[in-house]
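The structure under discussion appears below in the form of structure tokens.
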Amino acid sequence: MSRSDGDSWDLTSSVGATATVVAAQRAIASRGPDPLIDDPYAEPLVRAVGGDVVATMLDGGDGPDGAAVALSRKQLAEAMAVRTRFFDGLFTRATAAGVRQAVILAAGLDTRAYRLPWPAGTVVYEIDQPAVIEFKTATLAGLGADPTAVRRTIAIDLRDDWPKALVDNGLDPSKPTAWIAEGLLIYLPPEAQDQLFDDITRLSAAGSYLATEYIPDASAFSEDRSRGVMDGFRRFGFDGELSQLVYRGQRRSLVEYLTGRGWDVSTQSLEEMYAANGFELPGDEMFAAFSDARTVSGVLTGEPSSTAP
Ligand code: SAM
């Protein structure tokens, strides 16, 4: 199934299923006597979604034939730990600098509003499609989980007028905001990605923080190059085709785009991220396809320029 304007999903279908898969990775990374991250809600959330993929990822053996597999649980856990720590770190830095409003774009099964030690009075906004937001809110309420911040959900598609919905729900653009867009950009058409960062910049006061990650060469998601990843996930019964879910086509350089709008950004390669966490980047085909992936984080220092390239 390929993408179309206005398409929608829940946590078992299309792009929504990717939120379940990454949350299952967080569940695995949160296990054991020496967990890589601490997301106590990841496992109950993905178990509530259910399905064969979740069951195989969480409970299955090391592969149908016990042979070496493309994507081991250790690789799944480390990949997600690197990513989770990076985005947690953005919120830690932003709140330490006094920022008291945060926006989690494409929140999926992200539980930061329930597990991070937010300073009193912080408001955390979560944006995602309605079925995704509703499921998470209801499931966490059923678990008796309480948000550690004031949590406000915005059930809307990011191709629609989410800035208005955000402001209508209380975001104050005159105050700095901490934004994260984790695992999102490849699911937006290139022009929607540009629009997203225009909107973020427009709603951001100086001193706002931003973190995201991107893959400059979208051909990483061609059927050929993403085969390694998909073979790995197919082992867990995931039959979605990543190359059908992402929008390819030329994207602008995110770093230039943000810099041109007043963001002071820094980037790290996957290799640098792994090294900083004391992990070794797997040298297999899967990771080679994503070798140019970059994390991007920044602070809005200058006046945003709407005429920047
Ligand atoms: N950020 C979460 C995380 O890392 O756990 C979820 C990442 S998941 C790979 C992708 C998420 O993007 C899904 O939750 C999906 O619903 C959301 N998403 C993608 N395109 C979207 C859109 N146009 N509007 C709203 N949400 C979108």
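Each ligand, and each atom within it, is numbered from 1 in the order the structure gives. The chain is numbered in sequence order, starting from 1.
- The stretch residues 264-275 participates, sequence neighbours left out, in no salt bridge (charged side-chain N to carboxylate O under 4.0 Å, His left out) pair at all.
- Looking at atom 23 (N) of ligand 1, its nearest protein heavy atom turns out to be Asp157 OD1, 2.9 Å.
- Under 4.0 angstrom from ligand 1, the non-hydrogen atoms of Leu184 all belong to its side chain.
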Going through the checks in order, is the side-chain contact (heavy atoms from CB on, under 4.5 Å) test met by Leu36 and Asn277? CA-CA 10 Å; Leu36 300 178; Asn277 282 279; over 6 Å; no
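- Heavy-atom proximity to atom 16 (O) of ligand 1, evaluated over Thr84, Asp128, Leu109, is greatest for Asp128.
- Taking 4.0 Å as the cut-off between side-chain N and carboxylate O, Arg85 and Asp88 do not count as a salt-bridged pair.
- Taking only nitrogen or oxygen atoms, main chain and side chain alike, Tyr187 does not reach within less than 3.5 Å of ligand 1.
- No side-chain N or O of Trp179 forms a donor-acceptor pair with one of Ser208 less than 3.5 Å apart.
- The closest non-hydrogen atom to atom 5 (O) of ligand 1, taken over Arg112, Glu126, Glu182, Arg26, comes from Arg26.
- The side-chain heavy atoms of Arg151 and Thr137, taken from C-beta on, include a pair separated by under 4.5 Å.
- Close N/O approach between Trp9 and ligand 1 is found [any backbone or side-chain N/O within under 3.5 Å].
- Under a 3.5 Å cut-off, the side chain of Thr95 and the backbone N or O of Thr92 do form a donor-acceptor pair.
- The nearest protein atom to atom 10 (C) of ligand 1, hydrogens excluded, is given as Gly183 O, 3.4 Å; this is a heavy-atom distance.
- Among all non-hydrogen protein atoms, the one lying nearest atom 9 (C) of ligand 1 is Thr18 OG1, 3.1 Å.
- Here the shortest heavy-atom distance to atom 22 (C) of ligand 1, taken over Leu158, Ile133, Asp160, belongs to Leu158.
- The closest side-chain donor-acceptor pair between Ser30 and Asp39, if any, does not fall under 3.5 angstrom.
- Taking a 6.0 Å sphere around CG of Asp168, one finds it holds more than 12 heavy atoms contributed by other residues, nucleotides or ligands.
- The heavy atom nearest to atom 2 (C) of ligand 1, out of those in Ala106, Ser8, Pro130, Ala23, is found in Ala106.
- Atoms of ligand 1 lying under 4.0 Å from at least one heavy atom of Gln129, given by number and element, are 25 (C), 26 (N).
- Side-chain contact check for Val296 versus Glu213: every heavy-atom pair is 4.5 Å or farther apart.
- Checking only distances, Arg83 does come within under 3.5 Å of ligand 1, N or O to N or O.
- The atoms of ligand 1 that sit less than 4.0 Å from any heavy atom of Val15 are 15 (C), 19 (C).
- Residues Gln25 and Thr84 form no side-chain contact, since every pair of their non-hydrogen atoms from C-beta on lies 4.5 Å or further apart.
- Checking only distances, Ala19 never comes within under 3.5 Å of ligand 1, N or O to N or O.
- Close contacts between ligand 1 and Val22 involve ligand atoms 3 (C), 5 (O) [criterion: under 4.0 Å to a heavy atom].
- Atoms of ligand 1 lying under 4.0 Å from any heavy atom of Gly108, numbered from 1 in the order shown and given with element: 6 (C), 14 (O).
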